[in-house]
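Notes follow once the structure below has been shown.
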Amino acid sequence: MSLKSLIITKHSILPGFGLTMGFTITYLGLLVLIPLSTIILNATGIGWTHFWEIITAPRLIASYKLSFGASLIAASINAVFGLLVAWVLVRYSFPGKRIIDGLVDLPFALPTAVAGITLTTLYAPNGWIGKYLAMIGIKGAYSPLGVVIALTFIGLPFVVRMIQPVLQTLDKEVEEAAASLGAGRLQTFIKVIFPEILPALLTGFALAFARALGEYGSVVFISGNMPMRTEITPLLIMTKLEQYDYAGASAIATVMLIVSFIMLFVINILQWWQSKRHN
């Protein structure tokens, strides 16, 4: 078989570039670009003054603070404990390891509404965990803490699954060399291991933050939806839609869309950084 025929065979697994590229653009246009552009058009159609009044309303500002603050706290918690979970799953063998590894993905498979109801039942003042928190004056459900709990629950898999492959590919001989040169465990982790997993950790943090920012189903039950206190921004979008205020809902959605694009840009930069470190 000639070299030319080998090249043709290699590049003929799928249809030509023009057809596949055209399908890709059409698919993304119908499912992503057109719906998103409709939101922006609806928001810009109400005028800049009205748009600014909507997105800077006191009730909405309070929801921004809760959504962004709770998402940041939840992503930070997941960054710490997600690293620990990934470390245990990669570096140790123990009975039930596969079960625990599977449970990490449970927030992906579990419907968000089911997660919200379950967490509310657990952390309510009369719940299994909530009643003990109430004894020391901590309110689990129907409080900002409840929002953080829900967002932490749905964000953990992003951090674990980003760090796991990096830990699996780390060369243990480098750690052994550091130990032979007199480095302690903590020094080896800080100087040798942590720089290698940092890009993956930051990417997992950004993914968990972005996911938490747009979460609705698991939060709407446990938060209590009290105006100016426990209302998240996605809830206010739904409230606007229920009131047939499509322009107002589009204005709020545009703000969240801009933030999502920024997060997408940050995530891509972090993933590029991670790929450059391992190439």
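Numbers for residues simply follow the sequence, beginning at 1.
No donor-acceptor contact under 3.5 angstrom links the side chains of Ser223 and Thr230, judged on distance only.
Counting heavy atoms of neighbouring residues, nucleotides and ligands inside a 6.0 Å radius, atom OH of Tyr27 does not exceed 12 of them. The neighbour count for Leu31 CG, taken as heavy atoms of other residues, nucleotides or ligands under 6.0 Å away, is above 12. Counted within 6.0 Å of CZ on Arg91, heavy atoms from surrounding residues, nucleotides or ligands total more than 12; the atom is thus considered enclosed. Applying the 6.0 Å contact sphere to NZ of Lys65 captures no more than 12 heavy atoms from other residues, nucleotides or ligands.
In this structure, Ser63 contributes its side chain and Leu60 its backbone to a donor-acceptor pair below 3.5 Å. Checking side-chain atoms of Lys240 against main-chain N and O of Ala247 turns up no donor-acceptor pair under 3.5 Å. Using a distance-only test at 3.5 Å, with no hydrogens or angles considered, no donor-acceptor pair links the side chain of Lys139 to the main chain of Leu145. Between the side chain of Asp105 and the main chain of Pro157, no donor-acceptor pair closer than 3.5 Å is present. With hydrogens and angles disregarded, no donor-acceptor distance shorter than 3.5 Å links the side chain of Ser67 to the backbone of Tyr64.
Of all heavy-atom pairs spanning Ala253 and Ile39, the tightest one is CB-CG2, 3.9 Å. When all heavy atoms of Leu213 and Val259 are compared, the pair lying nearest together is CD2-CG1, 3.3 Å. Considering all non-hydrogen atoms of both residues, Ser218 and Ala115 come closest at CB-CB, 4.2 Å. The minimum heavy-atom distance between Met228 and Arg59, with the atom names listed, is SD-CA, 3.3 Å. Taking each heavy atom of Pro35 and Leu30 in turn, the nearest pair found is CD-O, 3.5 Å. For the residue pair Pro144 and Arg229, the shortest heavy atom distance occurs at CG-O, 4.1 Å.
Taken to the nearest 0.5 Å, the OG1 atom of Thr203 stands 10.5 Å off from the CD1 atom of Ile269. The distance from atom CD1 of Ile163 to atom CG of Leu202, rounded to the nearest 0.5 Å, is 9.5 Å. How far OG1 of Thr49 is from CH2 of Trp52: 11.0 Å, rounded to the nearest 0.5 Å. In this structure, OG1 in Thr118 is found 11.5 Å from OH in Tyr123, a value given to the nearest 0.5 Å.
Looking only at side-chain heavy atoms (C-beta outward), Glu53 and Ile46 stay at 4.5 Å or farther from each other. Counting heavy atoms from C-beta on, the side chains of Phe153 and Leu110 come closer than 4.5 Å. For the pair Ile100/Phe94, a side-chain contact is recorded, criterion being any heavy-atom separation below 4.5 Å from C-beta on. Contact annotation: the side chain of Phe68 approaches that of Phe209 to within less than 4.5 Å [non-hydrogen atoms, C-beta and beyond].
Judged as a ring-ring contact (aromatic ring centres under 6.0 Å, His included), and not counting sequence neighbours, Trp128 has no contacts.
Residue Ile77 is tested with Val148, Ile149, Val159, Leu72 for a side-chain contact (heavy atoms from CB on, under 4.5 Å); the sole match is Val148.
Residues Ile258 and Leu236 fall into different hydrophobic clusters, defined by Ile, Leu, Val, Met, Phe, Trp and Tyr side chains chained together at heavy-atom separations under 4.5 Å.
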